[in-house]
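This report concerns only the one structure given below.
Note that the structure is predicted; figures quoted are calculated from it, not measured. Quick note: numbers below take in every heavy atom, side chains included, and nothing from hydrogens, waters or symmetry partners. Note on naming: letters A, B, ... go to the chains in the order of the sequence lines (proteins, then strands), and numbering restarts at 1 for each one.
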Protein chains: 2
Amino acid sequence: MAVTITDVAKAAGVSKATVSKFLNGTHYVSQETKERIAAAVSELGYAPNRVAQGLSLKRSHTIGLVVANIGNPFYAELIRGAEEVAAARGYTLLLASTDGEPRRESTIVNAMRQRQVDGIAFASVRLADREVTALAKDGVNVVLASRHLPDAEVDMVLVDSVKGAKLAVNHLLQHGHRSIAYVGGPLSIAQFQDRLKGWKGALAEAGIEPPAMHELSLDRMDVEAGHQAGLRLLRLENPPTAIFAATDNLAFGIMQACDEMNRTIPGELALVGFDAVPFGAVSLSPLTSVDGSGLIMGQRALQLLIDRIERDQRTPAESRQVRMVLQPTLCIRRSCGCRSGTEN
Amino acid sequence: MAVTITDVAKAAGVSKATVSKFLNGTHYVSQETKERIAAAVSELGYAPNRVAQGLSLKRSHTIGLVVANIGNPFYAELIRGAEEVAAARGYTLLLASTDGEPRRESTIVNAMRQRQVDGIAFASVRLADREVTALAKDGVNVVLASRHLPDAEVDMVLVDSVKGAKLAVNHLLQHGHRSIAYVGGPLSIAQFQDRLKGWKGALAEAGIEPPAMHELSLDRMDVEAGHQAGLRLLRLENPPTAIFAATDNLAFGIMQACDEMNRTIPGELALVGFDAVPFGAVSLSPLTSVDGSGLIMGQRALQLLIDRIERDQRTPAESRQVRMVLQPTLCIRRSCGCRSGTEN
DNA sequence: ATGAAAGCGCTAACAC
DNA sequence: GTGTTAGCGCTTTCAT
């Protein structure tokens with residue numbers, strides 16, 4: 001059906017081997033045959049079959065990207081960044097979503113390996129550190145984006161969550177708040193441990209010891225979870241005057257709760273999120289948020305991964321894994337009580 | 001490196017062919033050897049190499065999904081739906097983003113064909129009708145989601161845009177508005193022609209002839225474009241009292257403009273969007289919107305595509321292409337002036 | 001500088 | 001029932 005290298009060879013009156021050599025610039029080919037082949041190629045509209053190439057080369061120029069949930073704008077940004085550099089460097093993405101289920105994640109990883117991906121980028125792994133390390137040891141190029149696996153021996157790019165959380169809380173402190181609650185995701189995820197730690201740390205430095213009810217680690221991270229948490233907090237006998245949400249999605253849910261209970265933001269409740277997804281600019285109350293730069297993480301993660309893939313190509317040696325930590329920044333909008341601006 | 005079918009054959013003391021037959025259940029294999037093979041498989045942890053399989057079968061169990069912009073929540077939903085059914089039916093998605101550039105789109109299509117995808121789903125094509133038809137005639141299974149190509153001879157799933165727009169405008173009319181502006185995307189896209197037509201039609205039926213300045217067809221569809229359009233409209237000497245935005249993203253931009261100019265929604269300006277992305281619920285003003293059901297389109301599109309792929313497998317006959325039109329529904333939130341609810 | 005041949009991992013006739 | 005063989009489209013020694 002499609003035109004193959006054999007067709008080109010025939011048309012140019014040479015052997016497949018020569019065509020291949022010419023196409024890949026891997027050996028010398030005489031000027032004259034070069035031209036004949038080039039002519040045949042464009043004449044027939046030949047394009048190499050990547051599958052066949054992959055089988056022979058053991059290289060697919062395909063990268064698996066596994067995210068928890070495509071619907072979450074944070075991942076959407078990350079995917080965008082990843083796709084961008086993948087495309088630029090000649091790779092295409094195999095996308096899969098886990099819905100946060102570790103079991104589904106293993107299935108996906110297997111499927112990807114069977115498809116001979118050159119590497120896998122995890123945006124928010126749920127696998128255990130050792131499983132990821134095992135994967136890497138097993139020869140799979142891996143990179144972790146956004147989620148931190150302290151003991152996994154693979155490349156990762158993440159944002160400094162402790163620092164980010166402190167940025168957020170300190171800002172709220174500067175606005176005069178003394179009663180700042182925390183709403184975050186499951187503590188089984190390192191990122192949330194760090195954000196919680198940052199919150200606690202900033203408060204401690206200000207000599208504040210928050211009541212236990214002001215610390216909420218939920219097991220889900222969607223808007224609805226934030227909504228419920230918001231209601232819970234607002235109905236407390238002594239509700240907080242401000243909330244640091246460890247995720248923008250959570251913050252949006254909290255806004256919804258305020259809306260429902262007729263509490264104004266930032267008037268009656270100040271709010272700062274984490275991620276700074278673009279949508280925050282047009283949310284119920286324009287959201288001040290720690291910039292987790294999903295886009296950049298997506299980009300960097302893929303750069304790291306592709307670099308490793310292409311390096312391994314030459315030298316299958318174990319190179320030291322890099323851990324890239326992005327510095328967070330505060331994207332100030334109005335939900336904190338400010339008018340606007342950016343701060344570091 | 002990885003374990004191959006040959007290893008399994010060796011371990012089970014049979015030939016590769018037998019292993020293959022057993023694995024694919026394509027021929028009878030004696031109970032005894034079945035067991036021996038099964039044992040070898042699990043012993044060695046064998047998993048077939050899909051690339052090799054693909055080369056032999058000319059089937060990759062991979063589907064290309066091309067979207068305009070992953071950052072747009074409408075596409076995010078669509079991707080989510082697509083990924084869901086792809087995974088359920090044993091396919092994985094090759095994702096690529098065009099940024100709305102037709103040239104990039106062709107490049108992507110070529111890359112995907114080289115990778116032997118079993119089919120391509122376009123969420124918002126920019127290619128011309130005849131190019132898409134040519135693709136289909138050339139043996140590529142194609143489905144169009146969301147965007148309408150009147151003359152392309154391929155499967156498509158779309159939402160009835162004329163009807164959706166009427167739903168929106170009529171609702172605004174019922175709220176007593178007589179001055180309803182339209183803000184939409186490029187008229188080169190059929191969807192926007194339809195939404196414009198629906199707007200005009202509904203107004204005409206109400207005996208209203210809108211002034212020319214109240215009809216804005218922009219060439220971009222991002223939030224910023226909506227923002228600019230909103231400012232333009234609000235600064236008119238006789239600004240509209242309501243706006244129908246042909247896309248939620250555009251509506252968000254308009255909200256931003258209102259916010260900037262201190263116009264309340266729906267008090268001073270009523271607003272209805274199109275798409276009903278989840279975020280509308282927590283936007284500056286909870287957005288009433290025509291439900292374009294991106295998620296469902298993503299699902300249906302992939303079902304259509306996979307059905308066709310698997311049908312073609314058996315009978316390469318040209319089957320009539322299906323055009324699936326989803327009925328829009330109005331997702332009522334507050335930006336129109338209502339309190340809440342749903343209407344058809 | 002070019003070609004012949006083997007091999008990547010799998011499937012599919014066709015024999016036995 | 002099971003094995004032999006050829007072939008999918010490409011790359012890559014190894015000769016020439």
Side-chain angles (χ1 to χ4, degrees), chain A residues 1-38 40-41 44-62 110-111 113-118 139 313-314, chain B residues 1-38 40-41 44-62 110-111 113-118 139 313-314:
Chain A
M1 178 114 278
V3 22
T4 78
I5 198 175
T6 309
D7 300 328
V8 175
K10 217 165 281 176
V14 295
S15 76
K16 301 190 307 178
T18 308
V19 177
S20 173
K21 284 166 190 161
F22 164 66
L23 256 24
N24 303 306
T26 166
H27 291 269
Y28 257 71
V29 175
S30 78
Q31 189 56 35
E32 193 204 312
T33 39
K34 261 184 189 167
E35 286 162 8
R36 286 227 307 289
I37 297 178
V41 165
L44 302 178
Y46 169 76
N49 178 329
R50 301 288 177 207
V51 176
Q53 229 171 17
L55 186 57
S56 171
L57 252 28
K58 285 167 166 331
R59 197 83 196 300
S60 61
H61 278 275
T62 293
N110 289 334
R113 296 187 67 177
Q114 292 188 62
R115 280 183 161 82
Q116 305 263 87
V117 295
D118 294 335
Q313 218 53 22
R314 297 193 293 280
Chain B
M1 178 116 279
V3 23
T4 79
I5 198 174
T6 309
D7 301 326
V8 175
K10 217 165 282 177
V14 296
S15 76
K16 299 191 309 180
T18 307
V19 176
S20 173
K21 283 166 191 161
F22 165 65
L23 256 24
N24 303 306
T26 167
H27 291 270
Y28 256 71
V29 174
S30 79
Q31 188 56 34
E32 194 204 310
T33 39
K34 261 184 188 165
E35 286 163 7
R36 286 226 307 289
I37 298 177
V41 166
L44 303 178
Y46 168 75
N49 178 329
R50 301 287 176 207
V51 175
Q53 231 171 18
L55 185 57
S56 173
L57 252 28
K58 288 170 163 331
R59 198 80 201 299
S60 61
H61 277 275
T62 293
N110 290 335
R113 295 187 68 177
Q114 291 189 126
R115 281 181 161 83
Q116 303 264 87
V117 295
D118 294 335
Q313 218 53 22
R314 297 194 293 279

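Separating the CD atom of E32(A) from the C1' atom of dT2(C) is a distance of 12 Å, rounded to the nearest angstrom. I5(A) places its CD1 atom 14 Å from the P atom of dC8(D), with the value rounded to the nearest Å. In this structure, the NZ atom of K34(B) is 14 Å from the C1' atom of dT2(D), given to the nearest Å. Atom pair R36(B):CZ and dG1(D):P shows a separation of 15 Å (rounding to whole Å applied). Atom-to-atom, CG of N49(B) to P of dC10(D) comes out at 17 Å; the value is rounded to the nearest Å. Rounded to a whole Å, the CD1 atom of I37(A) is 15 Å from the C1' atom of dC10(D). L57(B) places its CG atom 7 Å from the P atom of dT11(C), with the value rounded to the nearest Å. When rounded to the nearest whole Å, the span between NZ of K58(A) and P of dC8(C) equals 8 Å.
Positionally, the nearest nucleotide of DNA chain D for L55(B) lies more toward the 5' end than for the other of T26(A) and L55(B).
Nearest heavy-atom pair across V19(A) and I37(A) is CA-CD1, 3.9 Å. In this structure, A9(B) and S15(B) approach most closely via the heavy-atom pair CB-C, 3.7 Å.
Remark: R36(B) pairs with E32(B) by the salt bridge (Lys or Arg N to Asp or Glu O under 4.0 Å) rule, at least two apart or across chains. Listed by chain and number, the residues in a salt bridge (Lys or Arg N to Asp or Glu O under 4.0 Å) with R113(A) are D138(A) (sequence neighbours excluded).
Of all nucleotides listed (dG1(D), dC10(D), dC10(C)), dC10(C) comes nearest to the side chain of T4(B).
OP1 or OP2 of dG9(D) has not a single side-chain nitrogen or oxygen of Q53(A) nearer than 4.0 Å. Contact check, T33(B) against dG1(D): no side-chain N or O comes under 4.0 Å of OP1 or OP2. Between S56(B) and the phosphate of dC10(C), there is no side-chain N or O to OP1/OP2 separation shorter than 4.0 Å.
Within the 4.5 Å cutoff, the side chain of S20(A) has no heavy atoms near those of the L23(A) side chain.
Both key distances under 3.5 Å define a Watson-Crick or G-U pair, and stretches of 3 or more such consecutive pairs in DNA chain C run C:1-16 with D:1-16.
Within the 4.0 angstrom heavy-atom criterion, only backbone atoms of the sugar-phosphate kind lie near V14(A); the bases stay farther away.
Using a 4.0 Å cutoff on non-hydrogen atoms, the parts of residues 16-24 of chain B near DNA chain C are K16(B), A17(B), S20(B), K21(B), N24(B), ordered by number.
Listed by first and then second residue, the salt bridge (Lys or Arg N to Asp or Glu O under 4.0 Å) pairs that reach into residues 3-17 of chain B come to none, sequence neighbours excluded.
A donor-acceptor contact shorter than 3.5 Å is absent between the side chain of R115(A) and the backbone of S60(A).
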Step-by-step side-chain contact (heavy atoms from CB on, under 4.5 Å) determination, Q116(B) to T62(B): CA-CA 8 Å; Q116(B) 303 264 87; T62(B) 293; over 6 Å; no

Output a table of donor-acceptor pairs, distance under 3.5 Å, between side-chain atoms of residues 45-53 of chain B and any protein atom two or more places apart or on a different chain; print 'none' if there are none.
unit_1	atom_1	unit_2	atom_2	d
N49(B)	OD1	V51(B)	N	2.7
N49(B)	OD1	A52(B)	N	3.1
R50(B)	NE	Q114(A)	OE1	3.2
R50(B)	NH1	Q53(B)	OE1	2.8
R50(B)	NH2	Q114(A)	OE1	3.2

